[in-house]
Amino acid sequence: MAMSTANLPTTAISLSSSIKTLGRFSLFSNNSHKIKSFNRRALLVKMSSSVSDPLEICVKASITTPGKLGDCPFTQRVLLTLEEKHLPYDMKMIDLANKPEWFLKVSPEGKVPLIKLDDKWLADSDVITQSLDEKYPDPPLSTPPEKASIGSKIFSTFIGFLKSKDQSDGTEQALLSELTSFNDHIEKNGPFINGKDVSAADLALGPKLYHLDIALAHYKQWSVPASLPYMKSYMEKIFTMDSFIKTRALPEDVIAGWRPKVMG
C-alpha cells in the first residue's frame, strides 16, 4: 500500500504564511481583536479545504515487479488528476489475475481504476476525473468542450496499427493522419491542448501516448516521425512532468500488457 502526501508541504507553508500575516495585523491594527477573529476563521476554512484524509484508490498492480504500479493508462489518468490537484491518496494494488474478495464486493465488474469518494466507490476514469474536478475545483482542469476531443482518436488508431499483421491495410496511415492533425493543433495552440496550462484532456491523452511510444517501439520498431516536431515536443513535455514520472508504469509492464493483443 502506497501513500502520496504531496500536498502537505504546501499546506504547511500556507499555514505558516497565514500565521505570520495574522501576527502583522495584530501588531499594527487598532481593531486587532476583530482582525484576529477574521483571520482565525479564514485560516480554519483554508485548512479544511486543503487538508483531507487520503483518498482510497484501487489500481492495477505490476505483473513484472512486486509492489509497483501496473500498466493501466486509465488508472494513470486518475492518478495524474490527483497529483495535479495536490490531493493525498492511498493506492491499493490489485492483482487483476487474482482479485481479492473485498475488491469484487465493491467492484462487481472487477475493473480499475476505482476510487472512494464521499463514502461511495466510483468506477470509470471519465466519471472519476469529472467528480474530482467538481469536488476539488482548485486548480481547475476541465478542458473547453470545443477542445476536449482533440487527439481522442489517436489511441484507437494506435491499437489498430499495433495489432495489424498487414503492412498495406492502412492502419499506419490512419495513425499518422491522427498524429499529424494533433501536431498541427499543438503548433497553433500549444504547448498543451488548451494552451499554456495542462488540462484534463492532456491527462487523459498522455498515458495513452506513453503506451503508444513504448509498445510501437518494441513490437513494430516504429516511432513518431521527425516530421511531426510539435507532436514529439508535446510527448516530451507530458512525459517529463513530475506528476507523470511519479505515476507512470514500468516500460516492461507496458510491453507485457500489450503482448496478448499483439500475439493473439
Side-chain angles (χ1 to χ4, degrees), residues 6 71-86 113 124-126 128-130 132-133 137-164 170-251 254-255 257-258:
D71 63 303
C72 175
F74 305 101
T75 295
Q76 189 185 13
R77 174 191 182 185
V78 174
L79 294 177
L80 282 169
T81 302
L82 292 169
E83 287 288 337
E84 290 297 318
K85 287 183 174 293
H86 310 293
D124 187 281
S125 62
D126 285 337
I128 294 171
T129 52
Q130 182 176 343
L132 287 172
D133 212 37
D138 185 31
L141 292 175
S142 60
T143 308
E146 65 271 17
K147 295 181 180 179
S149 64
I150 299 294
S152 62
K153 295 181 180 179
I154 290 176
F155 194 56
S156 60
T157 54
F158 145 65
I159 295 173
F161 177 44
L162 180 67
K163 294 169 64 177
S164 172
T171 54
E172 180 180 10
Q173 188 54 49
L175 174 59
L176 281 172
S177 177
E178 293 300 325
L179 294 178
T180 300
S181 177
F182 189 82
N183 180 85
D184 294 344
H185 173 82
I186 295 300
E187 179 181 8
K188 298 173 183 175
N189 303 278
F192 297 108
I193 289 175
N194 191 37
K196 64 182 183 66
D197 296 320
V198 71
S199 71
D202 302 296
L203 305 185
L205 181 60
K208 296 173 181 178
L209 293 176
Y210 180 67
H211 279 240
L212 177 155
D213 191 49
I214 293 171
L216 289 182
H218 181 81
Y219 290 110
K220 295 277 192 178
Q221 292 75 53
W222 191 96
S223 62
V224 175
S227 59
L228 301 176
Y230 294 95
M231 179 80 245
K232 292 175 76 71
S233 66
Y234 174 84
M235 292 170 68
E236 181 179 2
K237 186 175 289 291
I238 292 288
F239 295 170
T240 55
M241 288 168 47
D242 289 342
S243 58
F244 196 94
I245 293 171
K246 186 174 182 179
T247 60
R248 67 189 177 189
L250 297 171
V254 176
I255 292 168
W258 287 104

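- For the atom pair OG1 (Thr240) and CE (Met235), the distance works out to 11.5 Å, reported to the nearest 0.5 Å.
- Distance alone, capped at 3.5 Å, is enough to place a donor-acceptor pair between the Asp202 side chain and the Ile193 backbone.
- Considering only heavy atoms from C-beta on, Pro207 comes within 4.5 Å of Leu80 through its side chain.
- Looking only at distances, no side-chain donor or acceptor of Thr75 sits under 3.5 Å from a matching main-chain atom of Asp71.
- Closest approach of Ser142 to Ser199, counting heavy atoms only: O-CB, 4.2 Å.
- Looking at heavy atoms from C-beta onward, Leu175 lies in side-chain contact with Leu212 at the 4.5 angstrom threshold.
- Remark: side-chain polar atoms of Asn194 are not paired, donor with acceptor, to backbone N or O of Thr143 under 3.5 angstrom.
- Atoms CE and OG1, from Met241 and Thr247 in turn, are 8.0 Å apart once rounded to the nearest 0.5 Å.
- Ile159 is listed as a side-chain neighbour of Trp258, based on a closest heavy-atom distance under 4.5 Å.
- At a threshold of 4.0 Å, the pair Asp213-Lys232 does not count as salt-bridged, since none of the basic side-chain nitrogens sits closer than that to a carboxylate oxygen.
- By the neighbour-count criterion of 12 heavy atoms within 6.0 Å, atom CD of Glu236 is sparsely surrounded, having that number or fewer from other residues, nucleotides or ligands.
- Proximity of Arg77 to Lys208: side-chain heavy atoms (C-beta onward) are nowhere separated by under 4.5 Å.
- No donor-acceptor contact under 3.5 angstrom links the side chains of Tyr230 and Asp184, judged on distance only.
- A 6.0 Å sphere centred on NZ of Lys153 holds no more than 12 heavy atoms belonging to other residues, nucleotides or ligands.
- In this structure, the side chains of Phe74 and Pro113 come closer than 4.5 Å at one or more pairs of heavy atoms.
- Leu209 has its side chain out of reach of Pro73: every pair of non-hydrogen atoms, C-beta onward, lies at least 4.5 Å apart.
- No donor-acceptor pair under 3.5 Å is formed between the side chain of Ser181 and the backbone N or O of Ser177.
- Under the side chain to side chain donor-acceptor pair (under 3.5 Å) criterion, the residue pairs touching residues 217-229 are Glu172-Trp222, with sequence neighbours excluded.
- Separation of the Phe158 and Phe155 ring centroids falls under the 6.0 Å cut-off.
- Under the 4.5 Å side-chain criterion, counting only non-hydrogen atoms from C-beta, Gln76 is in contact with Phe244.
- Using modelled atom types, no side-chain atom of Ser164 and backbone atom of Gly160 make a donor-acceptor pair closer than 3.5 Å.
- Counting heavy atoms from C-beta on, the side chains of Phe182 and Leu205 come closer than 4.5 Å.
- Side-chain polar atoms of Glu178 and Thr157 form no donor-acceptor pair below 3.5 angstrom.
- With hydrogens and angles ignored, the 3.5 Å screen pairs a side-chain donor or acceptor of Lys85 with a backbone N or O of Pro139.
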